[in-house]
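This structure is a prediction, so every number in the text was calculated from the model and none was measured.
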Amino acid sequence: MALRRAHNGAVNEPIPVTRDVDGGTAKLMPDVDLPRAWLLTVDGAPQSYVDLDEPTHLEFEYAQRLAHVVDCAADEGAPLDLVHLGGGALTLPRYVAATRPGSRQEVVEADHGLLALVAEHLPVPDGAGIAVHGTDARAWLESAPARSADMLIADVFGGSRVPAHLTSIEYARAAERVLRPDGVYAANLADGAPFAFLRSQLATFAAVFAELALIAEPAVLRGRRFGNAVLLASHAELDIALLARRTASDAFPARVEHSAALTRLIGDAVPVRDEEAVPSPEPPDGAFSIG
């Protein structure tokens with residue numbers, strides 16, 4: 001952790017850290033209210049928030065929703081085998097290590113510079129059960145053992161956009177291969193009306209998985225603003241009622257869409273193949289960036 005030392009050698013408040021990483025300029029900015037909490041941004045786009053003293057504190061709404069999915073995946077406290085595509089500052093892996101001790105977690109992050117920055121300033125405690133791999137998410141997934149994960153969480157952004165090679169039906173099939181028969185795929189996506197990208201993702205995963213759900217704020221679903229949506233896919237029945245209760249109780253309540261509502265949203269969208277895949281849309285100015 002970056003700390004400023006006074007002339008007498010005493011340690012004072014944390015100081016921001018700026019470093020060029022593979023994906024741009026990363027900044028670690030300390031929370032003025034919490035002594036060991038940090039915000040990670042890359043090129044001004046928020047990537048992660050971590051409180052080293054309280055790993056169950058999740059600042060971002062989409063992270064809270066992904067945590068709800070993890071919480072609903074098995075009995076409270078039961079360990080899980082998880083794969084995280086996209087690492088950031090390892091917010092969700094830290095959460096899982098705290099809430100489900102004994103879980104085995106694989107984190108795949110292509111940005112080696114970012115991994116080095118996080119390891120230096122926000123190290124994961126020994127024995128947390130978190131293994132970090134510095135490689136491309138799709139390549140790692142395609143070489144991972146079949147039926148080896150209870151859950152696969154995708155939170156991969158190149159800048160502010162989901163890379164094209166993580167949006168296709170070939171990618172969805174690779175994810176299905178790694179999941180156990182009752183496993184759950186969860187992805188953090190971002191889009192706005194008319195939802196061309198989100199609709200294509202729903203159509204793509206509907207072609208591979210039997211069950212789908214979507215978690216998002218009502219304002220996003222109504223097309224009033226650009227924002228995050230969490231896509232869920234599984235061959236097992238999803239506990240929609242439990243997820244709906246949890247997401248509705250958040251400070252910024254979200255809705256869980258499924259069944260007929262998702263069919264209507266998909267409309268005439270069709271699955272995306274590798275050769276036609278494109279990244280998620282560029283967010284409008286001010287949608288996520290901070291100073």
Side-chain angles (χ1 to χ4, degrees), residues 1-2 14-70 84-96 107-111 113-122 124 137 153-163 166 186-192 197-198 215-217 219-220 225-231 247 250-252 254 279-291:
M1 180 187 300
I15 60 173
V17 177
T18 300
R19 182 176 300 175
D20 289 335
V21 297
D22 303 355
T25 300
K27 291 184 180 180
L28 280 175
M29 293 178 285
D31 189 322
V32 296
D33 296 318
L34 297 170
R36 299 216 316 145
W38 296 81
L39 172 68
L40 169 68
T41 68
V42 178
D43 288 343
Q47 299 290 323
S48 303
Y49 178 97
V50 171
D51 185 344
L52 297 177
D53 289 330
E54 186 49 75
T56 60
H57 171 66
L58 303 173
E59 188 75 10
F60 295 162
E61 289 85 5
Y62 81 83
Q64 294 167 15
R65 290 162 197 154
L66 288 170
H68 290 321
V69 177
V70 174
H84 303 263
L85 303 181
L90 310 183
T91 302
L92 207 60
R94 298 174 201 264
Y95 175 89
V96 173
V107 180
V108 185
E109 170 60 61
D111 192 322
L114 186 61
L115 287 177
L117 176 67
V118 170
E120 179 181 349
H121 294 282
L122 308 175
V124 173
I153 299 174
D155 186 15
V156 184
F157 283 79
S160 300
R161 308 177 73 183
V162 178
L166 303 182
N188 177 35
L189 307 174
D191 200 4
F197 174 73
L198 189 57
I215 306 173
E217 286 184 42
V220 173
R225 68 176 182 83
F226 191 98
N228 294 97
V230 173
L231 183 154
T247 58
D250 287 338
F252 295 93
S280 63
E282 189 76 41
D285 290 343
F288 299 126
S289 296
I290 64 174

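Scored by the side-chain hydrogen bond (donor to acceptor under 3.5 Å, both in side chains) test, Asp53 finds Arg36 as partners (sequence neighbours excluded). Partners of Tyr49 according to the ring-ring contact (aromatic ring centres under 6.0 Å, His included) rule, which considers only residues two or more places apart in sequence or in another chain, are His57.
The shortest distance between side-chain heavy atoms of Pro283 and Ser160 falls below 4.5 Å. Using a 4.5 Å cut-off on side-chain heavy atoms (C-beta onward), Leu92 and Asp155 make no contact. In this structure, the side chains of Leu85 and Leu166 stay at 4.5 Å or more apart for every pair of heavy atoms. With a 4.5 Å cut-off on side-chain heavy atoms, Val42 and Phe157 do not count as touching. Contact check for Pro30 versus Pro16: side-chain heavy atoms found under the 4.5 Å cut-off.
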Worked check of side chain to side chain contact (heavy atoms under 4.5 Å, CB included) between Leu122 and Leu28: CA-CA 10 Å; Leu122 308 175; Leu28 280 175; 3.8 Å; yes
From CA spacing to verdict: salt bridge (charged side-chain N to carboxylate O under 4.0 Å, His left out), Glu217, Arg65: CA-CA 10 Å; Glu217 286 184 42; Arg65 290 162 197 154; 3.5 Å; yes
Verdict with supporting geometry, Val50 and Arg94, side chain to side chain contact (heavy atoms under 4.5 Å, CB included): CA-CA 9 Å; Val50 171; Arg94 298 174 201 264; 3.8 Å; yes
Test log, rule side chain to side chain contact (heavy atoms under 4.5 Å, CB included), inputs Leu39 and Phe60: CA-CA 10 Å; Leu39 172 68; Phe60 295 162; 3.5 Å; yes
Working for side chain to side chain contact (heavy atoms under 4.5 Å, CB included), residues Thr56 and Leu58: CA-CA 6 Å; Thr56 60; Leu58 303 173; over 6 Å; no
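With values rounded to the nearest 0.5 angstrom, Leu198 atom CG is found 6.5 Å from Leu189 atom CG. With values rounded to the nearest 0.5 angstrom, Gln64 atom CD is found 11.0 Å from Thr247 atom OG1. How far CE of Met29 is from OG1 of Thr18: 8.0 Å, rounded to the nearest 0.5 Å. Atom-to-atom distance recorded for Gln47:CD and Thr91:OG1 is 10.0 Å, nearest 0.5 angstrom. Between the CG atom of Leu117 and the CZ atom of Arg19 there is a distance of 5.0 Å, given to the nearest 0.5 Å. How far NZ of Lys27 is from CH2 of Trp38: 13.5 Å, rounded to the nearest 0.5 Å.
In terms of modelled atom types and a separation under 3.5 Å, the side chain of Asp191 and the main chain of Phe197 share a donor-acceptor contact. Using modelled atom types, one side-chain atom of Ser280 and one backbone atom of Val162 make a donor-acceptor pair closer than 3.5 Å. Asp31 places a side-chain N or O within 3.5 Å of a backbone atom of Asp33 that can act as its donor or acceptor partner. Side-chain atoms of Arg225 do not come within 3.5 Å of backbone N or O of Val220 as any donor-acceptor pair. The backbone N or O of Tyr62 sits nowhere less than 3.5 Å from a side-chain atom of Asn228 that would complete a donor-acceptor pair.
Nearest heavy atom pair, residue Pro93 against residue Val107, reads CG-CG2, 3.7 Å. Pairing each heavy atom of Ala186 with each of Leu66, the nearest pair is CB-CD2, 3.9 Å. Among all heavy-atom pairs drawn from Leu114 and Ala26, the shortest one is CD1-CB, 4.3 Å.
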